[in-house]
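Lettering follows sequence order; numbering is per chain, from 1. Scope of the values below: all heavy atoms of this structure, side chains included, with no hydrogens, waters or symmetry mates.
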Number of protein chains: 2
Amino acid sequence: MREAALRAAIELIAQQGYAATSMAQVAAAAGISPSGLAHHFPSKNALLGAVLDHRDAEDTFVRERSHEPWSAFDHMVHVARRNMGRRRLVALYMTMIGEAVAPEHPAHAWMVRHYADVLDTLRDQLRADQQRGTVREDAPVEAIARSMVSLMDGLQVQWLLDESVDMAAVLAESVAAMKRTWGTELV
Amino acid sequence: MREAALRAAIELIAQQGYAATSMAQVAAAAGISPSGLAHHFPSKNALLGAVLDHRDAEDTFVRERSHEPWSAFDHMVHVARRNMGRRRLVALYMTMIGEAVAPEHPAHAWMVRHYADVLDTLRDQLRADQQRGTVREDAPVEAIARSMVSLMDGLQVQWLLDESVDMAAVLAESVAAMKRTWGTELV
DNA sequence: GTCTATAGAACGATAGAC
DNA sequence: GTCTATCGTTCTATAGAC
């Protein structure tokens, strides 16, 4: 079954990375032969594409429009909390990021798009808040957005090493500090 | 020459990761045969060990003792600035982190030790500053230390994707915010 | 210290039967 | 949709000559 093969691939790539995972391993974990796997995914690259599509579908950080100040930032805290119950998804994300920084990696384009999307969402939120007067005019939009993404990414690494780390709490602390520093009294 | 082989290995692992790099590739890049390489590094694992040792030697974030408030944090900003001229070192670090989150990875123990060292240094600094009265007693030491490490790591990913990102400036901005939020007037 | 030669296994991918 | 069979390649590692 295609579904079982996809799940097996996600599990293995999350644990070992894409380069270290072989088609034979995926096939064995799915309970079929390598050729049976090849029927659904004619190449290793095609399998990776399906894995990334599945990941994006499960990742809820979509561009959402809200008029609440800092709502995109609060939403990331919420995502962090939910991720603390989804180790497989977090591990898959981090192994992909680590491999796909290389420009030649088959997932590099996916990674570039992912960062562009998240950064754009945060930048848009900050600029909209500035126009509404809930974020100070002199707030460094670019630095704040990039810091938020860095915190999100870095905390996932530390949480994978030690699940007692409360990603959401640490992130919420930083978001609160951002609000204190760059928010206006209008909030 | 052992030196040339080590340099080739660092270059290739930085670009492709450990799993995707073969001994034959390293040997070719070093201008020797795979067997010539095997003389210096009898196994791929031994080569990885040498690469990690070399990385640690080049990484200057040693436990340093200073009585300046926040000096460990200011030092990380300095390291970030210096890293902006060392793409190979940054790329090697990120690919290793991505792979070594897996507990079975040969570099996992190295990664665990690395994070323990950096986090301990930052925690010690914050606690010492609290005792000296330059950091507020109610400052969340653990969250601040983990946030700092996350910022450092995450910014390196973003910088690898787009070298126009000023890691040091973004990090300095966050450190300044931390000082405003948790520092006392004694600073 | 570097080489040739080679072992033995795993790799991705394809062809064709059922 | 899954299989057997197999191609050609690449992999890590070892043995032994120079």
Measure [atom1]/[X] against [atom2]/[N] and give the value in whole Å, please.
X       : N      : atom1 : atom2 : value
B:Lys44 : D:dA13 : NZ    : C1'   : 13 Å
A:Phe41 : C:dT14 : CZ    : P     : 16 Å
A:Leu6  : D:dG1  : CG    : P     : 15 Å
B:His40 : C:dC3  : NE2   : P     : 9 Å
B:Leu37 : D:dC11 : CG    : P     : 13 Å
A:Glu3  : D:dT2  : CD    : P     : 13 Å
A:Leu12 : C:dC11 : CG    : P     : 11 Å
B:Gln25 : D:dT12 : CD    : C1'   : 13 Å

Q | Selected nucleotide, minimal atom distance to A:Ala38 side chain, candidates D:dT12, C:dT14, C:dA13 | A | C:dT14
Q | Listed nucleotide nearest any side-chain atom of B:Ser22, set D:dA13, D:dT12, D:dG1 | A |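 Out of D:dA13, D:dT12, D:dG1, the nucleotide with an atom closest to B:Ser22's side chain is D:dT12.
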Q. According to a strict under-4.0 Å criterion, is A:His39 in side-chain N/O contact with OP1 or OP2 of D:dT2?
A.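 No, A:His39 has no side-chain N/O under 4.0 Å of OP1/OP2 on D:dT2.
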Q | Spatial distance of atom CD1 (A:Ile13) from atom CZ (A:Arg88) [nearest 0.5 Å] | A |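 Going from CD1 on A:Ile13 over to CZ on A:Arg88, the span is 13.0 Å.
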Q. Between B:Gly36 and A:Ala20, who's closer to the 5' end of DNA chain C by nearest nucleotide?
A.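 Closer to the 5' end of DNA chain C: B:Gly36.
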Q) Going by atom types only, do A:Asp129 and A:Gln125 share a side-chain donor-acceptor pair under 3.5 Å? A) yes
**Q.** Any side-chain donor near an acceptor of the partner, B:Asn45 and B:Ser43, under 3.5 Å
**A.**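 Note: B:Asn45 and B:Ser43 side chains miss the donor-acceptor criterion.
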Q) Which residues in residues 28-35 of chain B have at least one heavy atom lying under 4.0 Å from any atom of DNA chain C? A)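 B:Ile32, B:Ser33, B:Ser35 - these, ordered by number, are the residues of the stretch whose heavy atoms sit under 4.0 Å from the strand.
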Q: Sequence neighbours left out, what passes side chain to side chain donor-acceptor pair (under 3.5 Å) with A:Arg136? Give chain and number order.
A: A:Asp138
Q. Hey, which of A:His114, A:Arg55, A:Gln156 is the one that makes side-chain hydrogen bond (donor to acceptor under 3.5 Å, both in side chains) with A:Tyr93?
A. A:His114
Q. Under 3.5 Å, is there a donor-acceptor pair between the side chain of B:Asn83 and the main chain of B:Arg86?
A. no
Q: Before accepting this row, confirm whether a basic side-chain N of the pair B:Glu11/B:Arg7 lies closer than 4.0 Å to the acidic partner's carboxylate O.
A: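 Salt bridge: no.
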